[in-house]
Structures are given as structure tokens and as C-alpha cells.
Q: 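Below: one structure in C-alpha cells.
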Amino acid sequence: MSDAVSDQLAEQVAQRRTFAIISHPDAGKTTLTEKLLLFAGAIQIAGSVKARKATRHATSDWMEIEKQRGISVASSVMQMDYRHHVINLLDTPGHQDFSEDTYRVLTAVDSALMVIDAANGVETQTLRLLEVCRSRNTPILTFINKMDREVRPPLELVDEIERVLGMAVVPFSWPIGMGKTFRGVYDLIEDRTRVFRAGADCVGGDEEVIEGLNNPLLDERFGEDIVHARNDIELVRGATPEFSREAFLTGKQTPVFFGSAINNFGVREVLDALVDLAPQPQPRVALQGPVQPEDPKFTGVVFKIQANMDPAHRDRIVFVRVCSGRFERGMRLRIQRSGKEIRPNSVVSFLSQRRELLDEAYGGDIIGIPSHGGIQLGDTLTETADPLQFTGLPFFAPEIFRAIEVVNPLKTKQLRTGLVQLGEEGAIQVFRPLHSSTLLLGAVGILQFDVAAHRLQHEYNVEARVISSPYACARWVTADDEAELNRFLDANQSRIAQDAADAWTILTPTPYEMKVVQDMWPKIHFHAQREHAGLSLDKAA
């Protein structure tokens, strides 16, 4: 590779930022996503989840059930340009019943933006998602939202983030007043105050700025509120550490911003921080060793599959994180698992459901490849035949099971087609028992069954009944000795099934019975998690 090509690759990678937005439900994550797109100029008007009875909906909530319920149940991918950078933004479901999708998305990003409701502080799902980020040392920026509502004191919120999340907090801005007396935020870095005006069009720069913290104009305008803010800021400056880029990049320190996404307030500061602070695309872990984004040959990993983003075409889009090299439309790609070659000519970039054909992409970008099957979650795509397998894409053993029956027997084929595609997506886990033709659904949250039934009816025209199942526990099974595995499968045929990736699974009515089976077969490995193609994350139940 020539120096000029190498320099171009490095320059393109340096311009990329790929991050996910995470939060507890109702913290304002999807609203903030909309406003980030608005400030970057990617959309002209922001839809609102709150206005779902009207004709507008959040850009990132494209699925019909999301529009009906006003929640995010699938991750959305959006790409935008801002300040000469290409920003890949992934909006994740906040609801814990769809946490698997979120976990997989977090493997495809280089940083995360954590949204916290200023009235509720750190909530359960926020903590759960943060633990996933911490396990991967993912850098995290924090946006404390809804400061125009009745909220908790900012010092209390900062203390809770440090105490509960175990991270050092470095405020980059500080609120003046809160709730009905919310006046604005003081920028600790730039030493100026941005004045809050509800509903002001700050996108075009229509905001008032007052320079300096001790400016007499602040006392005239805000009275006691600015006095309290100055006291808080003095405490904060004395008690919090200086910002360390190294500590931030290793997930030990989080910059914190205050604002109100619904009112466009504090959004631009977050967008600027993503460009200035968030890391460029990082190396990705593979069995053969780390892959650098500046490596010349194209590699990518499939972290998400979504069926029927365009119901009129019954299509299926494979979401690929570009890990290295340069992607060009029409180039030959090898699916490492199967050895099959594909030559995608209609590869797209995203603004949620809206798509644009793209000609090229670089490390850190998220691209969509239309597919008719043959590609699975976790698949590695490469430009060459050299063996490579990226790792880290998790699948979790389901905790709830249901059987599914078609109402009209003539629709049995459509039911199987729909469930196969939903299983390939990872939206729900689908198991094929060896001893029965009735398919089983497995999920980590009960709401996943409602979504599966809704999508079967509206996307595949199949009305199905979700009925009870005798099973309550599942483990993937492997063995070092293939003959021993075959003996185990033969001896337990009545409770053996295969999932969407054809991985062998044993199902039992209770965890106790699973423990009995484990004790009886000490040479069999029982996995509560698995990776793509049966690569295990653990060997413990």
C-alpha cells in the first residue's frame, strides 16, 4: 500500500465518531437523538414520541409498534456530518426487555452517551447498560436531561453518579436554577453562561450568552439563583478532578453536561463534545489478534440484522460495522463462516428507516447490506480469504419461553419464514425442538413476545397464538469430545433443540433439573452465554 493511500485511510478514520445513546426508559434518549440530528442538519424538523397520535414520530422510531406505544424496541442507526466529521449514531432500546439488542449494539461502537433523567437520577437499566460499557472500557459522556422540570439538586446527582456508577465525574457545565427557575447553564470550560429560553431556536444560534461567572449582568438577571450556582461551582471545582483524556478513554471518568433536550438546550455542547472528546474508531478484537482500523484490507462484523425495514419490499438489512480498510460498492466480500462470496451493489447508509446508496465507507462506519439469507449475527466479512473471526457479540440464554401456533394452518409456511427471519435478527430467540414440529420462542423479557406476534401479523400477514411452554431454563451445550456430545444429544432427545444458528441447546422445566443434568454429564459444557457460531463466552451455567 502506498504512503498516499495509507495517509488517506488514516485521515478518513480520524474523521469518524461512532457512539450509542443509552439510558433508562423515559430519560429522553430518543428526544436527544432527534435533536442531535437536528443540530447536525440531518433533519429539518424533529418528531416527538410524545406526539405519536399526530403524524410525526421520532426519526429513530420507525417500527409501527414503536409509533403506537411510543417506545423504542429496536436499535436504529443514523449517520450525519458535523464539523467535517462523519458521526455514526446508534439509538438503542431503553426498555430492559430488549437489552440483548442494546448489548450487541454496544459491541459496534467506540463510545457511549449516557442520558440521565434529572428527576430520577441513576436508574436500574442505566446501571445495567453501564456495566456492559465498563466491561469493554467504553468511554462515556453523560447528559443530565430535563433540567426545566422539577428535578433533584445537581450536586446530589453528581454525587450519585460517582457513588453508584463508580466513575469520577467532571462537570463541563453547571445549571443555574432548576425546574421552574431553570435559568441556563454555565460553561466551566469556556467561562460563559448560556441563557435558557424555553422553545428558543438555538439550532440557528439564536441564544443569549453572557461572558464570565462574576458578570454583574448575571446578578441583575438571576438574583439568588446565580449566587447559589456560584457556590455550587466553587464546591465542584474544588472537589472534582481535572479532566483526563486518558481516564475518560478507559471508562474511568465521565464528562457531564446539563440541559433540556426537548427545548434544544445543551444539545450543541454534547454534539461538540462527541467530536472533540470521543475517540476515533478503535482496534477490534479477533481470534487472530487485534485489527487496526487503518489496516488496508476491508474487514467488517455483522452486529445487527433487521427484516422489513421497508415493508413494501420484504427486505432484510444486514448492519455491518466496518472494522478496517475501505469499502467500495460492488467489491467482493467473503463470509468467513461459510466461505461464500457476495458482491453487494446496493449498500446503504442510514437515517433510521431512510436510506442512501453509498459508494464507500471506512473504519468506524456502519453500512447496510441487503440480504436474502446466508448471513448471521456475528459473521465476519473480509476482502481476502485469510481466516478472521471477530469476537465479543453476545447471546444470552433465554429466561422465558413460549410455544407459538399459527391460527390458520394454511399460513404455516409464512409463520416459519417469519420466525426464521426474526430469529436471525436476534429480536427473539427461536428454537426448533428435535421431537416436535412446534417452534419455541425464548426471550429475556415478556414484551419481546408481544413484539414478535405484532410483527408476524403486520409484516408477514400471519396471525399466531403465543401459548405457554413447559420450559423455564436453557443452556447451549458443547463438548471437547464430539462422540461424547453425540451421546448426550441421543440420551436427551426429548429436550434438545437448535437455535437460529443451529447451536445445540438443552431445555428443562426448572433450573434445578438443569443442575441435575449437568451433574450427570460432567464432560459436557453448559453455556449461559454464547458467541457467534458456538464460540462460548463462558463455561459456567
Q: Main chain of Leu277, side chain of Arg245: is a donor-acceptor contact present, judged purely on distance under 3.5 Å?
A: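 Between the backbone of Leu277 and the side chain of Arg245 there is a qualifying donor-acceptor contact (under 3.5 Å).
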
Q: What I'd like to find out is whether the side chain of Val347 reaches to under 4.5 Å of the side chain of Leu357, using heavy atoms alone.
A: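 A side-chain contact under 4.5 Å is absent here.
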
Q: For a side chain to side chain contact (heavy atoms under 4.5 Å, CB included) check, start with the C-alpha distance between Leu113 and Leu36, then their side-chain angles and the critical distance, and finish with the verdict.
A: CA-CA 12 Å; Leu113 174 58; Leu36 289 171; 4.2 Å; yes

Q: If you measure from CG on Asp272 to CD on Glu190, what distance do you get to the nearest 0.5 Å?
A: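 If we round to the nearest 0.5 Å, Asp272:CG and Glu190:CD are 9.5 Å apart.
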
Q: How long is the straight-line distance from CG of Leu422 back to CD1 of Ile305, given to the nearest 0.5 Å?
A: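 That separation rounds to 11.5 Å.
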
Q: What are the two closest non-hydrogen atoms of Pro255 and Ile140, and how far apart are they?
A: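 Smallest interatomic distance, heavy atoms only, reads CD-O, 3.5 Å.
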
Q: Salt-bridged, Arg321 to Asp110, with N to O below 4.0 Å?
A: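 Yes, this pair counts.
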
Q: For side chain to side chain donor-acceptor pair (under 3.5 Å), just list the numbers for Asp499 and Trp476, CA-CA rounded to whole Å, side-chain angles, deciding distance to a tenth of an Å, and then say yes or no.
A: CA-CA 9 Å; Asp499 67 4; Trp476 289 285; 3.0 Å; yes

Q: Rounded to the nearest 0.5 Å, what separation is found between the NZ atom of Lys146 and the CG atom of Asp117?
A: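 Here the rounded value is 4.0 Å.
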
Q: Could you tell me whether Arg343 and Glu341 make a salt bridge, using a distance below 4.0 angstrom between a side-chain N and a carboxylate O?
A: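 Here Arg343 does not pair with Glu341 in a salt bridge, since their nearest N and O are not under 4.0 Å apart.
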
Q: Output the distance between atom CG (Asp379) and atom CG (Leu333), rounded to the nearest 0.5 Å.
A: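 Answer rounded to 0.5 Å: 12.0 Å.
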
Q: Taking everything shown except Glu246 itself, do over 12 heavy atoms lie less than 6.0 Å from its CD?
A: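 Counting neighbours around CD of Glu246, 12 or fewer heavy atoms of other residues, nucleotides or ligands fall under 6.0 Å, so no.
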
Q: Is there a donor-acceptor pair closer than 3.5 Å between any side-chain N or O of Asn145 and the backbone N or O of Ala27?
A: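 Answer holds: yes.
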
Q: Could you walk me through whether Glu383 and Arg332 pass salt bridge (charged side-chain N to carboxylate O under 4.0 Å, His left out), step by step?
A: CA-CA 7 Å; Glu383 183 180 349; Arg332 291 187 182 277; over 6 Å; no

Q: Is the closest side-chain heavy-atom distance between Leu188 and Trp174 below 4.5 Å?
A: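 They are in side-chain contact.
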
Q: Please confirm whether the backbone N or O of Arg17 pairs with a side-chain atom of Gln280, one donor and one acceptor, at under 3.5 Å?
A: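 Checked: no pair found.
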
Q: Assess the residue pair Phe257 and Ile144 against the criterion (side chain to side chain contact (heavy atoms under 4.5 Å, CB included)); give the C-alpha distance rounded to whole Å, side-chain angles, the decisive distance to 0.1 Å, and a yes or no.
A: CA-CA 6 Å; Phe257 301 82; Ile144 298 180; over 6 Å; no

Q: State, to 0.1 Å, how close Val430 and Leu419 come at their nearest heavy-atom pair, and which atoms those are.
A: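 Looks like CG2-O, 3.4 Å.
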
Q: Without swapping roles, check the side chain of Gln429 against the backbone of Phe396 for a donor-acceptor pair under 3.5 Å.
A: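 Indeed, once roles are kept as given, a pair shorter than 3.5 Å links the two residues.
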
Q: Here's a test for you: under side chain to side chain contact (heavy atoms under 4.5 Å, CB included), which of Ile21, Leu106, Ile366 qualifies with Leu90?
A: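 So the option named by the test is Ile366.
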
Q: Should Thr382 and Gln336 be marked as a side chain to side chain donor-acceptor pair (under 3.5 Å) after you check the CA-CA gap, both sets of side-chain angles, and the distance that decides it?
A: CA-CA 7 Å; Thr382 60; Gln336 285 281 337; 2.8 Å; yes

Q: Which atom names give the shortest non-hydrogen contact between Pro175 and Val185, and what distance separates them?
A: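 Nearest pair, atom of Pro175 first, then Val185: CA-CG1, 4.0 Å.
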
Q: Checking side chain to side chain contact (heavy atoms under 4.5 Å, CB included) for the pair Ile161/Ile116: CA distance, chi angles, key distance, verdict?
A: CA-CA 10 Å; Ile161 293 171; Ile116 291 179; 3.8 Å; yes

Q: Checking side chain to side chain contact (heavy atoms under 4.5 Å, CB included) for the pair Val109/Asn88: CA distance, chi angles, key distance, verdict?
A: CA-CA 9 Å; Val109 301; Asn88 296 281; over 6 Å; no

Q: Is the shortest side-chain N to carboxylate O distance from Arg16 to Asp365 below 4.0 Å?
A: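 A salt bridge is present here (some side-chain N lies under 4.0 Å from a carboxylate O).
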
Q: Between Lys297 and Asp386, does any side-chain N to carboxylate O distance fall below 4.0 Å?
A: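 Salt bridge absent between Lys297 and Asp386.
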
Q: Please round to the nearest 0.5 Å and tell me the distance separating atom CZ of Phe298 and atom CE of Met331.
A: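 Between atom CZ of Phe298 and atom CE of Met331 there are 6.5 Å.
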
Q: Would you say that Thr33 contacts Met78 through its side chain, given a criterion of any heavy-atom pair below 4.5 Å between the two side chains?
A: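 Of all side-chain heavy-atom pairs linking Met78 with Thr33, at least one is under 4.5 Å.
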
Q: Does the cation-pi check pass for Arg104 over Phe395, that is, NZ or CZ under 6.0 Å from the six-membered ring centre and within 45° of its axis?
A: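 Output yes; distance and angle both within limits.
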
Q: Does Gln15 reach the main-chain N or O of His85 with its side chain, forming a donor-acceptor pair under 3.5 Å?
A: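 The answer is no, because no donor-acceptor pair under 3.5 Å joins these two groups.
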
Q: Would you please test Ser260 and Asp148 for side chain to side chain donor-acceptor pair (under 3.5 Å) and show each step?
A: CA-CA 6 Å; Ser260 168; Asp148 57 314; 3.0 Å; yes

Q: If you compare all heavy atoms of Arg83 against all heavy atoms of Asp276, which two are closest, and at what distance to 0.1 Å?
A: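 Smallest heavy-atom distance, with atoms named: NH2-OD1, 2.7 Å.
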
Q: Do Lys35 side-chain atoms and Ile262 backbone N/O form a donor-acceptor pair below 3.5 Å?
A: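 Indeed, once roles are kept as given, a pair shorter than 3.5 Å links the two residues.
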
Q: Is there a side-chain contact between Leu38 and Asn264 in this structure, where contact means two heavy atoms from C-beta onward sitting under 4.5 Å apart?
A: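 Result yes, sub-4.5 Å side-chain heavy-atom pair found.
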
Q: Within the structure provided, determine whether Val209 and Val195 are in side-chain contact (heavy-atom separation under 4.5 Å).
A: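 Of all side-chain heavy-atom pairs linking Val195 with Val209, none is under 4.5 Å.
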
Q: Is the backbone of Met114 close enough, under 3.5 Å, to the side chain of Ser23 for a donor and an acceptor to pair up by distance?
A: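 Judged by distance alone, no pair lies under 3.5 Å.
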
Q: State, with a plain yes or no, whether a side-chain heavy atom of Tyr362 is found less than 4.5 Å away from one of Glu11.
A: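 SC-SC contact between Tyr362 and Glu11 ruled out.
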
Q: Are Leu388 and Val291 packed together at the side-chain level, in the sense that at least one heavy-atom pair is separated by less than 4.5 angstrom?
A: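 Yes - at least one pair of side-chain heavy atoms lies under 4.5 Å apart.
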
Q: Shortest non-hydrogen contact from Pro296 to Leu9?
A: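 Minimum heavy-atom separation between Pro296 and Leu9: CA-CD1, 3.8 Å.
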
Q: Run the ring pair (Phe, Tyr, Trp, His ring centres under 6.0 Å) test on Phe265 and Phe196 for me, step by step, so that the C-alpha distance in whole Å, both residues' side-chain angles and the decisive distance to 0.1 Å come before the verdict.
A: CA-CA 7 Å; Phe265 199 78; Phe196 174 70; 5.2 Å; yes

Q: Give me the atom names and distance for the closest heavy-atom approach of Cys133 to Ile22.
A: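 That would be SG-CD1, 3.9 Å.
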
Q: Within this structure, what is the OG1-CG distance for the pair Thr107 and Leu377, rounded to the nearest 0.5 Å?
A: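 With rounding to 0.5 Å, OG1 (Thr107) is 9.5 Å from CG (Leu377).
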
Q: Take Phe243 and Phe172 through the ring pair (Phe, Tyr, Trp, His ring centres under 6.0 Å) test and state the conclusion after the steps.
A: CA-CA 9 Å; Phe243 176 70; Phe172 272 49; 5.4 Å; yes

Q: Can a donor-acceptor pair be found, under 3.5 Å and without considering hydrogens, that links the side chain of Thr380 to the backbone of Phe390?
A: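 It does hold such a pair.
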
Q: Taking the side chain as C-beta and beyond, is there a heavy-atom pair between Glu269 and Arg194 under 4.5 Å?
A: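 Sidechains of Arg194 and Glu269: in contact.
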
Q: I'd like to know whether the aromatic ring centres of Phe258 and Phe143 sit less than 6.0 Å apart in this structure.
A: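 Not under 6.0 Å, so no.
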
Q: Name the residue from Leu358, Asp359, Thr299 that meets the side chain to side chain contact (heavy atoms under 4.5 Å, CB included) definition with Phe327.
A: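 The residue from Leu358, Asp359, Thr299 that satisfies side chain to side chain contact (heavy atoms under 4.5 Å, CB included) with Phe327 turns out to be Leu358.
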
